[in-house]
Amino acid sequence: MQRSEIERIKSDFDQEIEKASTSGELEQVRIKFLSRNGIVTKLFDELKSVPGEDKPVFGKLLNNLRTEVTESFNNKKLIIESNQLPDSSSIDLTLPGKGIKIGSRHILTQTLFEIKSIFKGLGFSVYDGPELESDYYNFEALNFPPDHPARDMQDTFFVSDKFLLRTHTTPVQIRIMEKEQPPIRAIMPGRVYRNEAISSRSYCMFHQVDGIYVDTDVSFAELKGTLVSFAEQFYGEGFKYRFRPSFFPFTEPSAEMDITCYICKGKGCRVCKHSGWLEILGCGMVDPNVFKYVNYDAEKYTGYAFGMGIERIAMLKYGIDDIRIFFENDLRFLKQF
Amino acid sequence: MKISLNWIKDYVILDGISTEEIVDKLTMSGLEVEDFIDQNKKYSGIIVGLVKDVQKHPNADKLTVCSVYDGKNDLNVVCGAPNVEKGQNVIFAPIGSIIPKGNMEMKKVKIRGVESNGMICAEDELELSDDHSGIMVLADDLSAGTLISEALKLNDVLLEIAITPNRPDALSHIGVARDLAAIFNRDLRISKLDFQESQQDIKQLASVEIEDKLNCPRYSAKVVTGITIKESPEWLQNKLTKIGLRPINNVVDVTNFILHELGQPLHAFDLDQLSGKRIIVKSLSEDLKFTTLDSKERILPKGTMMICDGKREVAIAGVMGGENSEVTASTKNILIESAYFNPTSIRRTSKKLQLSSDSSYRFERGTDPSNTVFAAQRAAQLIASIAGGEIAKGVIDEYPVKIKQKEMTFRLARMKKLLGYEVPKADVIKIFQKLGINLLKDMGESLEVIVPTHRPDIEREADLIEEVARIAGYEKIPAIEKVSITLHKRKDDFDLEDKIRESAVALGFNEMVNNPLIQESDSRVTGNPIQIANPQSQDMAYLRTSLLVSVLPIISNNIKKGEKDIAVFEIGNVFEKLKDDLNSFSDFEEKKKLLFIITGKKQSRQWYSAELDYDIFDLKGLINSFFSKISLDNVLNDSYNSIQNKIYDYQFTVNFKDLMFGVGGRVSKNVLKMFDINQPVFSFECDLKILGDLSGKKRTFKELLKYPKVYRDFAFLFDKSINYTTVKEFILRGGTDILKSVELFDLFESKEIAEDKKSMAFNLEYYDYNRTLTDEEVDKDFQSLITKVTEKFNAILRGK
């Protein structure tokens, strides 16, 4: 073994590694120099025949050679790999992606959730209540006397003399006040039933969110402020609103809240019956008679209450013109939301 | 309720106030104007035309070509009416005018080759009636070119007002006028009585006796004799037709007029048909067949309050008169009834008979008991003036139970507390005065007032506060921008439902919201259903006993529409009857449930995959993932039951300890057949209340594993009868504590292996939280398991 031979091998390697420009060529270089039968590997075999006193010197030379060559090879390999474009000719990237099924929430429960979130942000708790209610909770304790025309406002499905399908979520107010003392700050979403002819505008079952706030100093002005804040969060800003006197047996004074029709922006259209206004909810100050039923001191406490229909809100918001489609549950409808 | 603004103006002067302002202020004070028609606008451009000539249409037998003079020019107009004649004054809609019916603009057209410059109208085209038999012929003295709105007095504004049930006082023109007077601070003018009475005392002509004093607190009457029944004068007919009433005869028209003027329902009896000239108010002691004014025979139940004469019943009190005593063409003498009936009594009768009239509508909401005499007198005056005859002297007025005006206190501080703002005292007093609420005493900080009987809805201070607020205007109440929120405990009963929805959607399920009202046969499949006493239809006469039975029809519909591959869920209530009579909450059960359904293909045919049908294991897998997502996976166990039952071909149950709260399986073919479904359906339904009680557990963080896991696989041949769970649990129990999990990764059966055998291959996962395992200890455990499994199940180790 000669020093010059090692130098020649190094210079051969340098030339060839320089020339190699594909991973195929690089592999040829590796096989020639660094594989088990490669030139560099074989040099180590020859080390055995080197005389004893030269061994350390040549051993060091060979080790250096191997380190340099390996390093040089690895560097080149990195360069080639990073320059190399993936071989895309064998992949048709225009093939469609592999689908994954995703579900959907019903648009009504989405809308309910949205309304709920806003009121939770305004400090309201959320309560559930039964759909099969007693006449007492649904009517009597809400100041609908028996045989009063106010009951005609809510056509009722009865299951017996005393029990019925609740016509509004308002009875939950009574259930809460029976159990808890003021302050009461709660909303009550849920299904309600009305025995009304089914059409594109009305169905025998729908959803409502009722709300109530009772404390020592609750005023109509606070009711207005709270509901305006809700409407701004839900409908966005930039509408006009108005509170119109109305009648509900369980509130006094009572009102209905209208906002600028957001279909026609108040110009008048079919949806707002050319009035420019859309009614979005009913509200008022809790009637003293209701407080009597739950043994609250009507002198000490005042409260406001409100209620809104979810289907109506969702229909307006999403441009749905037939309420029945919510309950047909056609997959083609459900998957849109 | 229809209100004519011209009629209103008889009682309150509204000069200088635009129609739009009137409509807006009425709505904003609680009398919601749902719609209004300004006739001047509606009929604008439509005029009186004079037909100067009529010629046959050259190309059509049934058409004529008329020459119509519009006050300036003669115009060619093609007409199809059979009654058009030369010299008639007609209603003419020239080019550019709008025909009210269909809101159609007139354009110049050629009809069968002849040019037509407008249209001669029939009544229906002006929406005056439904008559389209011929054109409307007008009076000769009208001059061509006059606006129809002027010629026919169609210059009114007609309001459609929604009157809330608490405002019976507003169910009349005077009532609406009273509110307008208060809103615009004008004077209310009520017509004064002005009539002559005959010498004959009414008490000699008729008598009234009230037996049912509770339900008939007051009965007043006037008698008019010697009248002639005929058509009403034009002014009266006009007033009635404006608000949609059909004129009948002068007497009936006056009673209708008074009802819509004052809100007091009246009834005119033919006095000569009243046996003994007596009126007796009493309740029926037994059921009665009775023919009402509308010629319908009705069965009146015992207890119905009736107006009777000396011998028989002549009217259903407050609801409708009887045919036997109605005013006819030959009636000469009449008794005018003007009564106050108990609202509850009238409502019960009206509801029971399903018979509502303009009268019962007002009585059941509460008429003004103080106004009966005035209304009877005013009716008598009008009848005498248009039907001739003489008004008998005096009035009959039985008033056994006096209804008092209510006195109450109005505190300014309370108003401020309730409304959040203060209306000045002077304004409050003025509002009260305009509404007829009289001030008894000004106490400085409060007012003592007396409320008139026409406002039965005003019972308490809160009602007075509403009156002030609505007349002053709700818009004056500020919307405050800052609220204080009490920091009480918050809760959301729907937290779990929201969490479930989120998880179900992530697992690919679409949410449904179904109607719980279903048909009986469907509801009986899963329970004892509750029936609706007054259903709309048999399709919706029962409440669902499970979510499954209300969802299957929807699944069926979807399949029919081509949506065959379905993964849906619903959260909703189901109802079960526990006792025959529902008298208390313990007689039935209402439970909130959660349902998952899958059917059709899990995977449709794709370029990367063959199609795959859903099966029971997809359902199990989805349910397990679902429970894992809501953090209930380690506390639940499931059990299996392959015995067929009514609902499932085979099923599994999900349990918490011994409590079973969910059942899933393949829905039986018989059930599917009921819903016309021809593909397998897998369903799981569970009780949400129980789920909610369980899901209180919090997830806590578990230290991440720092040491490597070691895996070993083995496969055995087992007898077919040995099930997976038994083997898996045996292996888990048989391993030392470094064995952490056992997963089945292959399962197959084939004749080539052996009959009655199956191969199950398991992957075993070993690790320790505190150290790296050595191959030796894993192998030792693994080898010992091979021996144990082989011995326990008589299994044969495969491979190796």
Side-chain angles (χ1 to χ4, degrees), chain A residues 95 98 101-106 108-109 113 116 120 123 125-128 130-132 147 149-150 152-153 157-160 162-163 183 185 189 195 198 204-205 215 217 219-222 224-226 228 242-247 252-253 255 285 287-288 302 326-327 329-332 334-335, chain B residues 27-30 164-166 344 347-348 364-365 417-421 460 462-463 465-466 469-470 474-475 477-481 483 485-486 488 490-494 501 504-505 508-515 517 530 532-534 536 540 554 558 563 566 573 575 582-583 588 590 607-608:
Chain A
L95 281 171
K98 298 182 183 179
K101 271 187 191 163
I102 42 166
S104 59
R105 292 179 74 149
H106 196 283
L108 288 176
T109 68
F113 186 78
K116 203 174 78 168
K120 282 171 90 168
S125 283
V126 189
Y127 286 77
D128 198 3
E131 291 171 21
L132 194 50
D147 295 308
D152 287 348
M153 294 166 83
F157 285 116
F158 289 94
V159 299
S160 72
K162 288 189 190 132
F163 286 88
R185 196 172 170 87
N195 195 349
I198 293 175
C204 55
M205 185 265 294
D215 206 341
D217 268 306
S219 71
F220 199 107
E222 182 166 349
K224 265 179 109 169
T226 307
V228 169
R242 65 178 192 184
F243 286 77
R244 209 165 19 81
S246 187
F247 169 69
E252 186 80 18
M285 302 306 293
D287 194 287
T302 52
F326 290 122
F327 311 111
N329 290 295
D330 189 317
L331 262 297
R332 294 167 299 178
L334 300 181
K335 286 174 181 171
Chain B
T27 298
M28 293 308 288
S29 67
T164 51
N166 60 325
T344 306
R347 174 164 166 92
R348 279 192 190 146
E364 70 179 31
R365 281 161 174 73
K417 178 168 170 158
L418 199 62
L419 298 182
Y421 102 120
R460 305 143 311 169
D463 303 320
I465 294 171
E466 180 180 60
R470 74 176 182 92
Y474 279 12
E475 70 275 9
I477 303 173
I480 58 174
E481 289 177 356
V483 298
I485 297 171
T486 47
H488 63 301
R490 301 277 161 75
K491 68 171 216 157
D492 184 345
D493 285 345
F494 298 89
R501 287 194 177 95
V505 168
F509 287 91
N510 299 106
E511 185 182 19
M512 285 187 168
V513 174
N514 282 295
N515 184 359
L517 294 168
I530 295 167
I532 305 299
N534 56 335
Q536 282 186 359
M540 297 193 288
I554 303 292
N558 271 297
E563 291 290 324
I566 300 170
N573 293 9
F575 307 84
L582 306 182
N583 291 317
F588 62 88
E590 176 175 350
W607 62 272
Y608 52 85

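Lettering follows sequence order; numbering is per chain, from 1. Note that these values count all heavy atoms, side chains included, but never hydrogens, waters or copies made by symmetry.
Side-chain contact between Lys101(A) and Phe509(B) is absent, with no heavy-atom pair separated by less than 4.5 Å. Between Glu563(B) and Arg332(A) there is a side-chain heavy-atom pair separated by less than 4.5 Å. You'll find the side chain of Arg490(B) stays beyond 4.5 Å of the side chain of Lys120(A), heavy atoms only. Between Thr344(B) and Asp147(A), the closest side-chain pair of non-hydrogen atoms falls below 4.5 Å. Taking the side chain as every heavy atom from C-beta outward, Phe157(A) and Asn534(B) approach each other to under 4.5 Å. Inter-residue side-chain proximity for Asn195(A) and Gln536(B) is flagged as met; some heavy-atom pair is nearer than 4.5 Å. Side-chain atoms of Asp463(B) and Glu252(A), non-hydrogen and from C-beta on, do get closer than 4.5 Å to each other. Considering only heavy atoms from C-beta on, Asn514(B) stays 4.5 Å or farther from Phe327(A) through its side chain.
Residues Tyr421(B) and Phe220(A) place their aromatic rings such that the two centres sit no closer than 6.0 Å. Annotation: Phe163(A) is in aromatic contact with Phe588(B) [ring centroid separation under 6.0 Å].
In this structure, the side chain of Asn573(B) does not engage the main chain of Glu131(A) through any donor-acceptor pair within 3.5 Å. Using a distance-only test at 3.5 Å, with no hydrogens or angles considered, a donor-acceptor pair links the side chain of Asn558(B) to the main chain of Leu331(A). With Asn583(B) contributing its side chain and Lys162(A) its backbone, the two residues share no donor-acceptor pair below 3.5 Å. Side-chain atoms of Glu511(B) never come within 3.5 Å of backbone atoms of Arg105(A) as a donor-acceptor pair (strictly under, hydrogens ignored).
The two residues Phe247(A) and Pro165(B) come nearest to each other via the heavy atoms CD2-CD, 3.5 Å. Shortest non-hydrogen contact noted between Lys116(A) and Phe494(B) is NZ-CB, 3.5 Å. Minimum interatomic distance between Met28(B) and Phe243(A) (heavy atoms only, all atoms of both residues): CE-O, 3.4 Å. Here the shortest heavy-atom pairing between Pro253(A) and Glu466(B) reads CA-OE2, 3.3 Å. Here the closest non-hydrogen pair linking Leu582(B) and Ser160(A) is O-OG, 2.8 Å. Nearest heavy-atom pair across Ala479(B) and Val228(A) is CB-CG2, 4.4 Å.
Under the 4.0 Å criterion applied to side-chain N and carboxylate O atoms, Lys491(B) and Asp128(A) are not assigned as salt-bridge partners.
The environment of Ile102(A) atom CD1 is sparse: at most 12 non-hydrogen atoms of other residues, nucleotides or ligands sit within 6.0 angstrom.
Heavy atoms closer than 4.5 Å to chain B are found in both the backbone and the side chain of Asp152(A). With a threshold of 4.5 angstrom between heavy atoms, Arg365(B) approaches chain A through its backbone and through its side chain. Interface residue Phe113(A): only side-chain heavy atoms are found under 4.5 Å from chain B. For Ile530(B), the part lying near chain A is the side chain, with the backbone staying farther off; criterion is any non-hydrogen pair under 4.5 Å.
To the nearest 0.5 Å, atoms NZ (Lys417(B)) and OG1 (Thr302(A)) are separated by 5.5 Å.
Ranked by heavy-atom pairs under 4.5 Å with chain A, the first of Arg470(B), Glu590(B), Glu481(B) is Glu590(B).
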Q: Evaluate side chain to side chain contact (heavy atoms under 4.5 Å, CB included) for Ser219(A) paired with Leu418(B), printing each intermediate quantity in order.
A: CA-CA 5 Å; Ser219(A) 71; Leu418(B) 199 62; over 6 Å; no
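Under the 3.5 Å distance criterion, with hydrogens and angles disregarded, a donor-acceptor pair is assigned to the side chains of Asn510(B) and Ser104(A).
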